[in-house]
Amino acid sequence: MNLQDLNRIRQIALIAARHGFGEVTERAGVWRLLGGRKEKVEVSDEARRESTARRFRLFLAELGPTFIKLGQVLSTRADLLPAEFVDELATLQDNVEAIPLEDVHAQIRDALGKEVQELFAQVDPEPLAAASIAQVHRAVTLDGEEVVIKVQRPGIAQRIDADLGVLRSLARLLEAVVEETGIYTPSGIVDEFDRAIHEELDFINEATNIRAFLENHKDRPYLKIPRVHAALSSRTVLTMEFIRGEKINPAALAEPDRKQIAQHILEASFRQLFDDGLFHGDPHPGNVLLMEGNRLALLDFGVVGRLTRPMQETLVMLCLAVALKDSDSVARILYRVGVPDARANLMGFRNDIESILGQHLPTTLGQVDARTLLRDLLDLAVKYRIRIPKEYALLSRASISTEGMLRGLYPELNILEVALPYAKELMAGRYDPTQLQGGLMRTLLRFQSMAQDLPTQLSQILLDLETGKFSVTVRAEQFDKLNENLRSVAVIAFLGLCACGFIVGAFIAFAPRPPMYGNTPVLGIVGIALAAALFGAVLTWYLFGGRFGKVSVTRFLKKRR
């Protein structure tokens, strides 16, 4: 770790302390890493009154672009954070100054290999939007077509890579002192953020997503997807068709228009989920424009989700189980699609789900608050240490945003009426024996294969038992921890004995007529240096080898909610 990284960690620690997270950084050993000199920071009365979620948002916002993007990515992962944190981070906005026009021109020239005048007839000097990663300008091509240019900020990739290195160092420190790092470790979250941010930094990925959406929706006249100008795009510059439209304002629309727009939104959502398997991951009102004739336009394809056919079928089964208040089926489906971090208490999981369904499904589905229901189910999965795949977590966020728009436009819309045909089609395909892709055929094929393999596998087990080659491996966390502690004690004792030996050897080396280099007794100095190094190693192992108890993050999350 270089000096620049240490300075950045110091800055993060000071800002964290100012927002009331000083105890976490202290227990994580940040000040020991920085040389042991803790700097005192006063926490304002205003910060003390704020909720933990709000202070966390303000903390990320003050740290700059990388941490702002981290908060925005976390706001799409309701499976990682409590609901109040997700809500607070969803409001996290980029507050950055626009880059000068000459820098925009330089970025376009570097990315496309030509001067701006050779590529565009005009580029508006004022940006349409300025975010932490990119800036958007209207322009006109040499052919006279109106477009928008998304230009990446100069040096943003290098800054993010540097901050990612710092984040990894802090994550390793936190893992040593935070109790709740079993299902989603800090390092795992940083790795996930690393993948997400580098996908977003590569505009070729977004261009590929746009082309896929354009192909999927080409026969749906109610939805508009912008075209990509491939010749005017690269990894850091993305040129798209300019779409004229305005944000949806339900108050300014007549009831028939609101109903039609709501139907278009719902139709597009179900088409993406159950026909295409490719859905927009962040369909908030700012990314949906209203065009003439009540047509809709989708923008910003940096975050998309993909569902395979089995995932689509599982989604339908889960929705049916929820609708029927079948807590046992809901528990088993969530357990199957997730990745349990350990053996879960399925009975307790089912009972908690039954309580949630009883709370959120009082009489009819029209009264369901899907927003709260989805979040409670995700929180419950985390409680039982079941990792929900990120596609489902992203789908949860997209569904919540879509439901919010629908409730604002036309609360009386019958969602089941639109969803039922898609569910019937998926279920019919699953159990249609005439379809080679049907789930029934796959199930029968797997059963036949299992029936053929079972006698051979049983015979192998019996032969192993007869010849004494059958072995059973048993693992227990307590034994693993005991083994680690014994090894640590053995290493510390060994290093301590070696250090003592070097000290004794050093005194012997200082005896009369020792080997000299000038006026310096060489063997004595070497012995003392080795003893000091070993004592330093033992002390470091003792201090950082788990001696300090871990701090509970849950206590901080529950504080002043």
Side-chain angles (χ1 to χ4, degrees), residues 76 124 127-131 134-141 143-151 200 203 205-230 232-233 237-254 256-273 275-306 394-395 397-410 413 418:
T76 68
D124 284 0
L128 287 175
Q135 190 163 295
V136 179
H137 288 258
R138 284 185 62 179
V140 179
T141 66
D143 297 331
E145 182 180 352
E146 287 186 297
V147 295
V148 292
I149 314 172
K150 187 176 180 179
V151 182
E200 192 169 345
F203 291 169
N205 289 326
E206 185 171 353
T208 302
N209 294 337
I210 294 174
R211 293 190 187 96
F213 270 84
L214 189 61
E215 176 65 23
N216 290 340
H217 295 280
K218 63 182 179 181
D219 297 325
R220 299 164 192 168
Y222 57 86
L223 193 64
K224 174 71 174 176
I225 307 294
R227 290 182 296 105
V228 174
H229 289 255
L232 300 174
S233 300
V237 172
L238 179 61
T239 304
M240 300 167 286
E241 172 188 6
F242 175 73
I243 296 179
R244 294 186 181 277
E246 57 187 18
K247 291 184 179 181
I248 300 175
N249 181 12
L253 297 170
D257 293 328
R258 288 190 285 109
K259 181 179 180 181
Q260 186 180 37
I261 294 168
Q263 288 175 333
H264 288 338
I265 292 175
L266 194 58
E267 175 81 9
S269 300
F270 281 115
R271 289 285 185 185
Q272 290 175 41
L273 292 181
D275 285 350
D276 308 334
L278 179 70
F279 64 92
H280 197 292
D282 194 19
H284 62 76
N287 287 336
V288 182
L289 292 182
L290 180 61
M291 303 170 62
E292 291 185 5
N294 289 338
R295 298 175 65 211
L296 300 172
L298 277 180
L299 306 176
D300 193 356
F301 298 85
V303 179
V304 301
R306 289 176 170 81
L394 186 61
L395 175 58
R397 164 67 184 270
S399 300
I400 289 171
S401 297
T402 302
E403 188 206 26
M405 286 193 291
L406 292 175
R407 287 188 183 275
L409 279 166
Y410 198 71
L413 184 65
V418 180

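Residues take their numbers from the sequence shown, with the count starting at 1. These numbers come from the heavy atoms of this one structure, side chains and all, not from hydrogens, waters or symmetry mates.
Under the 3.5 Å distance criterion, the side-chain polar atoms of Thr239 are left unmatched by any main-chain donor or acceptor of Ser233.
Remark: Ala131 engages Asp94 in a side-chain contact (heavy atoms from CB on, under 4.5 Å) (not counting sequence neighbours). Scored by the side-chain contact (heavy atoms from CB on, under 4.5 Å) test, Ala262 finds Leu406, Leu409, Tyr410, Leu413 as partners (sequence neighbours excluded). Among residues two or more places apart in sequence or in another chain, the side chain to side chain donor-acceptor pair (under 3.5 Å) test is passed with Gln272 by none. Here Lys218 pairs with Glu215 under the salt bridge (Lys or Arg N to Asp or Glu O under 4.0 Å) rule; sequence neighbours left out. Partners of Arg138 according to the side-chain contact (heavy atoms from CB on, under 4.5 Å) rule, which considers only residues two or more places apart in sequence or in another chain, are Asp124, Leu128, Glu146, Val148, Phe242, Arg244. Listed by chain and residue number, nothing satisfies the side chain to side chain donor-acceptor pair (under 3.5 Å) test with His280 (two or more places apart in sequence, or in another chain). By the side-chain contact (heavy atoms from CB on, under 4.5 Å) test, Gln260 is found to be paired with His264, Asn294, residues two or more places apart in sequence or in another chain being considered. Under the rule for a salt bridge (Lys or Arg N to Asp or Glu O under 4.0 Å), the partners of Glu200 that lie at least two apart in sequence or sit in another chain are Lys69. A search for side chain to side chain donor-acceptor pair (under 3.5 Å) contacts involving Asn216 returns nothing, not counting sequence neighbours. Taking Asp276 as the reference, Arg220 meet the salt bridge (Lys or Arg N to Asp or Glu O under 4.0 Å) condition, with sequence neighbours excluded.
Smallest separation of non-hydrogen atoms from Ala230 and Arg211: CB-NH2, 3.6 Å. Contact between Ile248 and Pro250 at its shortest, heavy atoms only, is O-CD, 3.6 Å. Taking all atoms of both residues into account, the shortest heavy-atom contact from Ile149 to Val151 is CG2-CG2, 3.6 Å. The two residues Ser269 and Thr402 have their closest heavy-atom pair at OG-CG2, 3.6 Å. Ala398 and Gly281 get closest at one heavy-atom pair: CB-O, 4.1 Å. Between Met291 and Ala297, the shortest heavy-atom distance links the atoms SD-CB, 3.7 Å.
You'll find the side chain of Leu214 stays beyond 4.5 Å of the side chain of Val228, heavy atoms only. Proximity of Val147 to Leu232: side-chain heavy atoms (C-beta onward) are nowhere separated by under 4.5 Å. Using a 4.5 Å heavy-atom cutoff, the side chains of Phe279 and Leu394 are in contact.
Sorted by first and then second residue, the salt bridge (charged side-chain N to carboxylate O under 4.0 Å, His left out) pairs with a member in residues 278-290 read Asp282-Arg397; sequence neighbours excluded. Sequence neighbours left out, not one pair with a member in residues 289-299 passes salt bridge (charged side-chain N to carboxylate O under 4.0 Å, His left out).
Atom CD1 of Ile225 and atom CG of Leu299 lie 8.5 Å apart (nearest 0.5 Å). Taking NZ from Lys224 and CG from Leu298, the interatomic distance works out to 12.0 Å, rounded to the nearest 0.5 Å. How far CZ of Phe270 is from CG of Leu266: 4.5 Å, rounded to the nearest 0.5 Å. Interatomic distance, CE of Met240 versus CD of Glu206, reported as 6.0 Å (0.5 Å rounding). Considering CG of Asn287 and CZ of Phe301, their distance stands at 8.5 Å, rounded to 0.5 Å. Taking CD from Glu267 and CG from Leu223, the interatomic distance works out to 10.5 Å, rounded to the nearest 0.5 Å.
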